[in-house]
Every structure is written in structure tokens, then in C-alpha cells.
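Have a look at the structure below before the remarks.
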Amino acid sequence: MPNVIILVFFLYLHVLHYRITRQEVGHDISDMLISCAFNGNKCYKENFTLFQSLEYGNCYTFQDTSYVTKQSGPLLGLRLVLNIETKEYIQNYMDATGLRLVIHEPGTLPFPEEEGFTLNPNYETTIGMRMLTIHRASEPHGSCESGKEFFDLFGIKYTIPACLKLCQIREIIERCHCKPSTSSLDLGIDDLNVFDSCMDRDATLHCEDYVIYKIENQHISCNCRSPCNQIVYKTSLSGRTWPNHEYLVGNILPEICGVDSKQWYFESLCNVTTGLTPTNLTGIQENFLKALIYYEDLNYEKITEEPLYDGFQLISDIGGALGLFMGASILSFVEVLQFMIELLNFLRHKIVSRRSKKTKVINLKDNNLFNVGTKA
């Protein structure tokens with residue numbers, strides 16, 4: 001299994017070297033970047049920030065707040081033409097050529113080993129994006145992570161992959177006392193001056209594997225909850241073969257040969273830029289690729305978690321219930337009062353009526369007696 005041996009040996013050497021050494025032996029953005037434009041404005045190598053990955057080496061993040069697009073469409077997005085330098089690949093180590101692209105939320109840490117998609121050489125890839133924002137409910141109605149402590153500690157925005165990866169690194173360092181061989185994050189917690197690589201000894205390598213096993217099976221809890229605020233980019237891809245012979249000779253090679261720092265890679269072609277035929281250009285197209293990244297629509301989707309029953313609704317319901325009960329009590333009191341008044345009225349009329357009848361009977365008797373006595 002020679003490929004596996006080379007792979008392990010390469011990763012071992014990659015982890016052991018300092019960051020600057022790993023940077024120097026990897027691809028440089030100044031050599032790779034042929035042209036760059038965002039929203040019709042030219043961008044430069046200074047707009048890219050270096051990030052190192054264990055599997056992909058030097059990675060570069062385009063993140064600059066001065067570049068803003070206010071319209072959708074391929075012409076107003078990010079347009080990149082890159083030279084992937086196929087001659088710099090280690091043939092026994094790599095089984096294919098290309099680039100890895102990750103579209104992630106600004107300020108977050110990318111993980112090209114687990115996220116993103118591959119850009120093929122000799123190909124133009126068009127990537128349309130739609131933005132989705134998610135706002136999750138916090139305590140006591142939900143369980144999400146604000147990310148404030150995470151940002152204060154590591155200087156990056158909180159994401160679940162970053163939390164899991166950094167938790168894994170931290171646990172390996174604390175339990176195995178060695179530098180993890182499965183990650184090369186430059187965040188100040190895996191200093192080469194402090195720890196040796198876990199691959200140096202079998203004991204530490206087994207310890208590292210055991211810690212990873214316990215984390216994956218949740219025997220060690222990292223407590224990585226979903227972020228309270230998150231931006232997700234939905235993407236759709238399309239593409240075509242690129243470039244053709246005329247565009248390669250008329251545009252790309254003059255662009256390369258016009259810059260002294262880039263002539264070394266195509267030195268033989270830069271000496272003769274006319275009369276080139278598809279025969280002597282065989283394989284040259286495999287060095288180039290083009291990427292168009294843009295918003296399909298400036299409208300975005302927003303998902304918000306809200307409590308089904310919160311304090312305001314509780315107060316409202318209590319107020320409504322109290323109002324109902326108070327209303328019912330007042331009505332009942334009025335009805336009882338009305339009943340008492342009507343009852344008193346009835347009794348009063350009854351008493352008055354009886355007194356009136358008694359007085360009339362006495363008068364009649366007196367009148368009869370008087371009449372009888374007079375007749376006799």
C-alpha cells in the first residue's frame with residue numbers, strides 16, 4: 001500500500017513543520033490568481049487571507065467589507081480565473097487535480113475537508129447563491145449558543161463544526177499531551193513549541209484515536225449547541241468546458257506573460273506567444289479554471305423561532321380571564337340587586353294591597369248598619 005504510506009508520511013511532515021514552512025511549500029495566491037473582479041471592480045491578492053488546512057494545505061479566504069454588491073446576476077458577483085499549477089502536484093500523493101471551494105458565513109472558520117465542493121480544471125463553474133438567516137430561541141424557550149464566549153476565546157464566530165473541532169483538539173492536548181495529527185488549526189492552542197505530534201509514539205497515537213472515539217460516541221461531551229443566529233447559503237451549480245484555444249492564447253497567456261513574477265511557470269510559452277497550436281498547447285488548459293459566484297436574488301429567507309407561550313401572552317390571558325370573571329361578577333351582582341329590588345317592590349305592593357282591602361270592608365259594614373237602623 002505505497003499510497004497510504006506516502007499519505008501518512010506527508011501528513012506527518014506537514015504537521016511537524018512550522019506554519020511559515022508549510023506556507024512556503026504550498027501554493028501561493030500571487031502565483032495562482034490570474035484575474036479577480038467583484039461587482040465589476042478589480043480585486044487583488046491582498047484581499048485574500050491565508051488559512052491552512054491539513055489535507056489541502058494553503059487555503060485563501062476572500063473577505064473584504066469594501067467589496068459590496070447591490071444587484072444580482074453573474075456579471076456583478078465574484079469572478080475568479082486561477083492557475084492551479086498542475087506541475088506542482090505530487091503525483092504519487094494526489095489522484096486528481098482541482099480546487100476546493102467553501103462558501104461560508106463571514107467571520108466563521110471554513111472546513112474544506114468536510115464542507116464545500118470541488119472545482120474542476122479546464123472548466124468554468126457558475127455558482128448561484130440564496131441566503132437563509134436562522135434565528136433560534138434562547139433560554140428559557142430554547143437551547144442555543146450565543147457564541148460570545150467562543151468569539152472572545154478564539155476570535156472567530158461560533159459554528160458547530162468549529163466547536164467540535166476545537167473541542168477535539170483541546171481534549172487531545174489535555175489528555176494525551178501531544179499535538180493532534182488530525183488537525184492543523186492555527187488558533188494558538190496547538191503550539192509546536194509546546195507539544196510533539198501524537199504520531200511520534202504509538203501510545204500517544206492510540207490515545208488520540210481513543211479520545212476521538214469517545215467524542216464521536218458522546219462519552220466526552222463537547223456541548224456544541226446550535227448557534228442562536230446563523231447564515232446559510234443555498235447554492236446551485238452549473239458549468240461548461242473552459243477555456244477554448246483562442247481565449248487561452250489571446251487572453252490568459254498574455255495576462256500571465258505580462259507579469260514578471262508569473263512568467264516562470266510558462267516560461268517556454270511566454271517566449272513565443274504567437275503561432276501556438278492546439279498540439280503544443282496540449283495539457284495547458286488543465287492548469288486553469290474559472291469560477292463565477294453571485295447572488296441569484298437579493299431577497300433572502302428568514303426563519304425565526306418564537307416561543308409558543310411567553311410572558312406577555314400569559315399576562316394577556318390572565319387579564320382576559322380576570323376581566324371575564326370581573327364582568328361576570330358585576331353582572332351577577334347587578335342581577336342579585338335587581339332581584340332584591342323587585343322582591344322588595346313585590347312585598348311592598350303586597351302589603352299595601354292588603355291594607356287597602358281591609359279598610360274598604362270596614363267601611364261597608366258601617367254603612368250597612370247605618371242603613372238598617374234608619375229603615376226600622
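For the single chain, residues carry numbers from 1 onward in sequence order.
Atoms CD and CG, from Q71 and N39 in turn, are 7.0 Å apart once rounded to the nearest 0.5 Å. The distance from the CG atom of L308 to the CD atom of E306 is 10.5 Å, given to the nearest 0.5 Å. Distance check: I212 CD1 to N217 CG gives 12.0 Å after rounding to the nearest 0.5 Å. Between atom CG of residue L248 and atom CZ of residue F288 there is a gap of 6.0 Å, rounded to the nearest 0.5 Å. Of the inter-residue distances, the one linking S236 atom OG with M129 atom CE reads 10.0 Å to the nearest 0.5 angstrom. Distance check, rounded to the nearest 0.5 Å: CG of L292 to CG of L237 gives 11.0 Å.
Here the shortest heavy-atom pairing between V211 and R175 reads CG2-CD, 3.9 Å. Of all non-hydrogen atoms in S53 and C59, the two that sit nearest each other are CB-SG, 3.8 Å. The minimum heavy-atom distance linking L33 with L82 is given by the pair CD1-CD2, 3.7 Å. Shown here for Y295 and S72, the closest heavy-atom pair between the two residues is O-CB, 3.1 Å. Listed here is the closest heavy atom pair of Q63 and G107: OE1-N, 3.4 Å. Across all non-hydrogen atoms, the minimal contact from W242 to L289 is CZ3-C, 3.6 Å.
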key: Stepwise salt bridge (charged side-chain N to carboxylate O under 4.0 Å, His left out) test for K165 and E114   = CA-CA 11 Å; K165 185 68 68 174; E114 305 166 3; 3.4 Å; yes
Worksheet item: How far apart are the C-alpha atoms of D28 and E24, what are their side-chain angles, what is the distance that settles it, and do they pass the side-chain contact (heavy atoms from CB on, under 4.5 Å) test?
Response: CA-CA 8 Å; D28 194 341; E24 290 176 351; over 6 Å; no
Quiz prompt | Working for side-chain hydrogen bond (donor to acceptor under 3.5 Å, both in side chains), residues T86 and N287 | solution = CA-CA 6 Å; T86 55; N287 288 277; 2.8 Å; yes
- Task: Kindly determine whether E286 and T97 satisfy side-chain hydrogen bond (donor to acceptor under 3.5 Å, both in side chains), including the steps that lead there.
- Result: CA-CA 9 Å; E286 298 297 326; T97 59; 5.2 Å; no
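For the pair E113 and R100, the minimum side-chain heavy-atom distance is 4.5 Å or more. Side-chain contact check for Q168 versus P180: every heavy-atom pair is 4.5 Å or farther apart. Under the 4.5 Å side-chain criterion, counting only non-hydrogen atoms from C-beta, N58 is in contact with Q52. Contact annotation: the side chain of F111 never approaches that of V102 to less than 4.5 Å [non-hydrogen atoms, C-beta and beyond]. Between E301 and R130 there is no side-chain heavy-atom pair separated by less than 4.5 Å. Within the 4.5 Å cutoff, the side chain of I293 has heavy atoms near those of the L101 side chain. Using a 4.5 Å cut-off on side-chain heavy atoms (C-beta onward), I156 and F150 make contact. Considering only heavy atoms from C-beta on, T235 comes within 4.5 Å of F117 through its side chain.
Connection of F62 to L50 is established within a shared hydrophobic cluster, with ILVMFWY side chains joined at heavy-atom distances below 4.5 Å, either directly or through further cluster members. Hydrophobic clustering of Ile, Leu, Val, Met, Phe, Trp and Tyr side chains at less than 4.5 Å, counting indirect connections, unites Y67 with L78. Hydrophobic cluster membership is shared by Y60 and L99, with clusters built from Ile, Leu, Val, Met, Phe, Trp and Tyr side chains linked at under 4.5 angstrom. Residues I215 and I172 fall within the same hydrophobic cluster, defined by Ile, Leu, Val, Met, Phe, Trp and Tyr side chains chained together at heavy-atom separations under 4.5 Å. In terms of hydrophobic clustering, with Ile, Leu, Val, Met, Phe, Trp and Tyr side chains grouped at heavy-atom distances under 4.5 Å, F38 and Y44 are assigned to a common cluster.
Counting heavy atoms of neighbouring residues, nucleotides and ligands inside a 6.0 Å radius, atom CG of L337 exceeds 12 of them. For NZ of K87, the number of neighbouring non-hydrogen atoms (other residues, nucleotides, ligands) closer than 6.0 Å is greater than 12.
The one candidate from T61, D64, I29 that meets the side-chain contact (heavy atoms from CB on, under 4.5 Å) condition with N47 is D64.
S238 meets the side chain to side chain contact (heavy atoms under 4.5 Å, CB included) test with T126; sequence neighbours excluded. In this structure N120 satisfies the side chain to side chain contact (heavy atoms under 4.5 Å, CB included) test together with T118, Y123, sequence neighbours excluded. Checked against side chain to side chain contact (heavy atoms under 4.5 Å, CB included), N345 has the following partners two or more places apart in sequence or in another chain: R348, H349. When the side chain to side chain contact (heavy atoms under 4.5 Å, CB included) test is applied to N251, the partners found at least two apart in sequence or on another chain are Y247.
Here the two cysteines C176 and C198 have their SG atoms 2.5 angstrom or farther apart. The sulfur atoms (SG) of C167 and C224 lie 2.5 Å or more from each other.
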Donor-acceptor pairs under 3.5 angstrom involving side-chain atoms of residues 226-233: please list them, not counting sequence neighbours.
unit_1 : atom_1 : unit_2 : atom_2 : d
N229   : OD1    : H135   : ND1    : 2.6
Q230   : OE1    : R136   : NH1    : 3.0
Q230   : OE1    : R136   : NH2    : 3.0

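Within the structure, side-chain hydrogen bond (donor to acceptor under 3.5 Å, both in side chains) contacts touching residues 145-159 (residues at least two apart or in different chains) are E145-R225, K148-D152.
A ring-centre distance under 6.0 Å is found for Y89 and H27.
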